[in-house]
Amino acid sequence: MPTRNWSKIACPAVELSLHKTLGSGQSFRWETLENNEWRGVLERFVILFSQTDTHLLFEVLNEHKCAPAKLEKKIQNYFQMEYNMQDLYRQWSLQDPNFAVIEKQFAGVRMLSQDPVENLFCFICSSNNNIKRISQMVDKMCCKYGDFIGRVDGKDYYSFPSIESLAEDDVEENLRQLGFGYRAKYVNQAAKMVLNKGGSKWLKSLRNLPYRKTHDELMKLPGVGAKVADCICLMSMGHTCAVPVDTHVFQIAAARYLPHIKGVKSLTSKVYWLIGDHFRNLFGDLAGWAHSVLFCADLKEFEGEAKQAACALKRTAEVQMPGPLVPHSHKKKRR
Ligand SMILES: Nc1nc2[nH]c(O)nc2c(=O)[nH]1
């Protein structure tokens with residue numbers, strides 16, 4: 001075991017669960033090691049994270065240099081530490097008995113503030129895919145088109161590719177050969193379109209538009225539907241009210257919030273916005289954050305914790321719910 005040279009940021013574990021934040025399909029660049037350590041890439045840093053009950057611990061593992069205070073700030077920004085999750089959870093639990101059921105087992109689920117370029121191309125890869133496979137694809141894309149940034153424990157690390165490199169003419173063919181399927185075309189075409197509009201500067205400028213305008217602009221990109229556009233709005237554009245709705249969120253909504261949509265066969269635009277608006281009315285400006293806790297509680301990866309929450313509910317019988325906490329019908333299929 002190497003001796004660690006940890007830097008620390010005061011952050012109680014109830015404010016940040018590394019496991020549920022880095023492992024719930026927001027970012028696909030983190031791998032879990034032993035002892036709740038997480039290793040991955042943030043900008044050009046290869047970083048190792050861990051945590052105690054009171055602190056977030058981090059160490060840079062490659063040669064990329066940065067003033068300690070500047071790096072600490074970057075990490076605080078990445079985890080959006082200015083938000084107090086305990087206050088928010090309290091508020092959301094008062095507003096929603098379903099939320100109250102899971103708040104303890106799913107404490108510390110935070111939204112990461114991601115780079116829009118990485119966020120866009122990772123979520124183009126996310127269509128009809130699971131966390132493990134998306135992470136593998138993203139890894140391949142970085143190896144092929146990113147810059148080498150360091151070797152740690154025999155593994156090579158790469159930065160996220162630039163839009164310019166993803167817009168090259170041979171990208172579609174190369175990504176197809178790497179197993180991207182139909183997503184290869186979308187990655188390449190979206191890169192070309194973003195480049196034509198002004199590249200990463202244009203993409204970042206979408207942050208300054210109102211939420212719905214940002215969503216409309218993103219949906220013009222190949223491979224970006226309403227759900228992916230909302231993931232980008234929420235995860236890298238600062239639109240905290242964005243609620244990504246996929247079939248699983250639809251199932252949650254139908255089971256526990258909007259029983260009248262149970263018979264609806266497909267996720268039309270009308271139903272999509274009905275669900276998002278319901279969450280926005282219920283949870284307010286940070287509806288997307290609240291949604292992410294519910295989303296996380298529904299992931300197969302966290303089935304154990306969701307079951308514990310259901311058992312705790314049974315024992316105390318304090319909260320009445322119209323539908324099951326864990327809608328088992330889609331547990332096997334989902335990420
Ligand atoms: N918080 C969320 N994370 C996600 N990952 C993914 O693939 N979809 C979602 C989502 O809707 N919310």
Side-chain angles (χ1 to χ4, degrees), residues 16-30 40 78-80 83 85 88-89 92 99 102-103 106-116 118-138 141 180 183 186-187 211 214-215 218-219 223-254 256-257 267 271-273 275-280 282-283 286-302 305-306 327 330-331 333-335:
L16 168 65
S17 161
L18 276 182
H19 187 45
K20 297 197 182 77
T21 301
L22 297 179
S24 59
Q26 294 183 49
S27 165
F28 302 97
R29 300 219 67 198
W30 299 100
Y78 186 58
F79 287 105
Q80 309 206 58
Y83 289 96
M85 298 313 294
L88 288 169
Y89 274 48
W92 295 332
F99 196 95
I102 55 160
E103 67 163 340
F106 290 88
V109 179
R110 309 188 76 88
M111 290 313 302
L112 300 168
S113 171
Q114 300 188 56
D115 175 70
E118 178 176 323
N119 195 202
L120 167 65
F121 291 102
C122 288
F123 272 85
I124 288 177
C125 297
S126 77
S127 107
N128 286 315
N129 216 340
N130 60 48
I131 294 174
K132 192 169 166 207
R133 242 185 109 227
I134 303 164
S135 304
Q136 287 166 350
M137 279 184 179
V138 170
M141 185 154 63
F180 280 54
R183 302 166 197 92
Y186 289 147
V187 168
Y211 159 56
T214 308
H215 193 268
L218 289 168
M219 275 193 63
V224 178
K227 187 247 160 140
V228 167
D230 264 325
C231 283
I232 301 164
C233 282
L234 177 63
M235 298 173 187
S236 61
M237 296 285 161
H239 292 303
T240 56
C241 67
V243 176
V245 180
D246 59 8
T247 52
H248 308 298
V249 174
F250 170 83
Q251 306 259 14
I252 296 171
R256 286 180 257 152
Y257 296 92
L267 187 52
V271 176
Y272 186 94
W273 291 107
I275 295 170
D277 287 343
H278 180 80
F279 283 116
R280 281 181 279 276
L282 188 58
F283 297 116
L286 283 127
W289 284 55
H291 137 96
S292 274
V293 183
L294 298 168
F295 179 88
C296 184
D298 193 54
L299 286 174
K300 189 170 172 282
E301 282 78 358
F302 302 111
E305 288 91 330
H330 58 74
K331 275 285 164 195
K333 285 180 272 171
R334 72 162 310 160
R335 54 186 67 119

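Both counts, for ligands and for their atoms, begin at 1 and track the order of listing.
- Polar contact with ligand 1: present for His291 (N/O pair, distance under 3.5 Å).
- Relative to the ring axis of Phe106, Lys20 places its NZ or CZ within 45° and under 6.0 Å from the centre.
- Annotation for ligand 1: atoms under 4.0 Å from non-hydrogen atoms of Met235 are 1 (N), 2 (C), 3 (N), 4 (C).
- Residue Ser126 has no N or O atom closer than 3.5 Å to an N or O atom of ligand 1.
- Taking a cut-off of under 4.0 Å to the non-hydrogen atoms of Lys227, the atoms of ligand 1 that pass are 6 (C), 7 (O), 8 (N), 9 (C), 11 (O).
- Note: Ile232 CD1 to Ile124 CD1 = 6.5 Å, rounded to the nearest 0.5 Å.
- Ion pairing between Asp230 and Lys227 fails under the 4.0 Å rule for side-chain N and carboxylate O.
- With ligand atoms numbered from 1 in the order given, ligand 1 contributes 1 (N), 2 (C) to contacts under 4.0 Å with heavy atoms of Ser292.
- Relative ring orientation between Tyr78 and Trp30 is described as tilted, the plane-to-plane angle lying within the 30° to 60° band.
- Within ligand 1, the atoms closer than 4.0 Å to a non-hydrogen atom of Gly25 are 3 (N), 4 (C), 5 (N), 6 (C), 7 (O), numbered from 1 in the order shown.
- Annotation: Phe180 is not in aromatic contact with Tyr186 [ring centroid separation under 6.0 Å not met].
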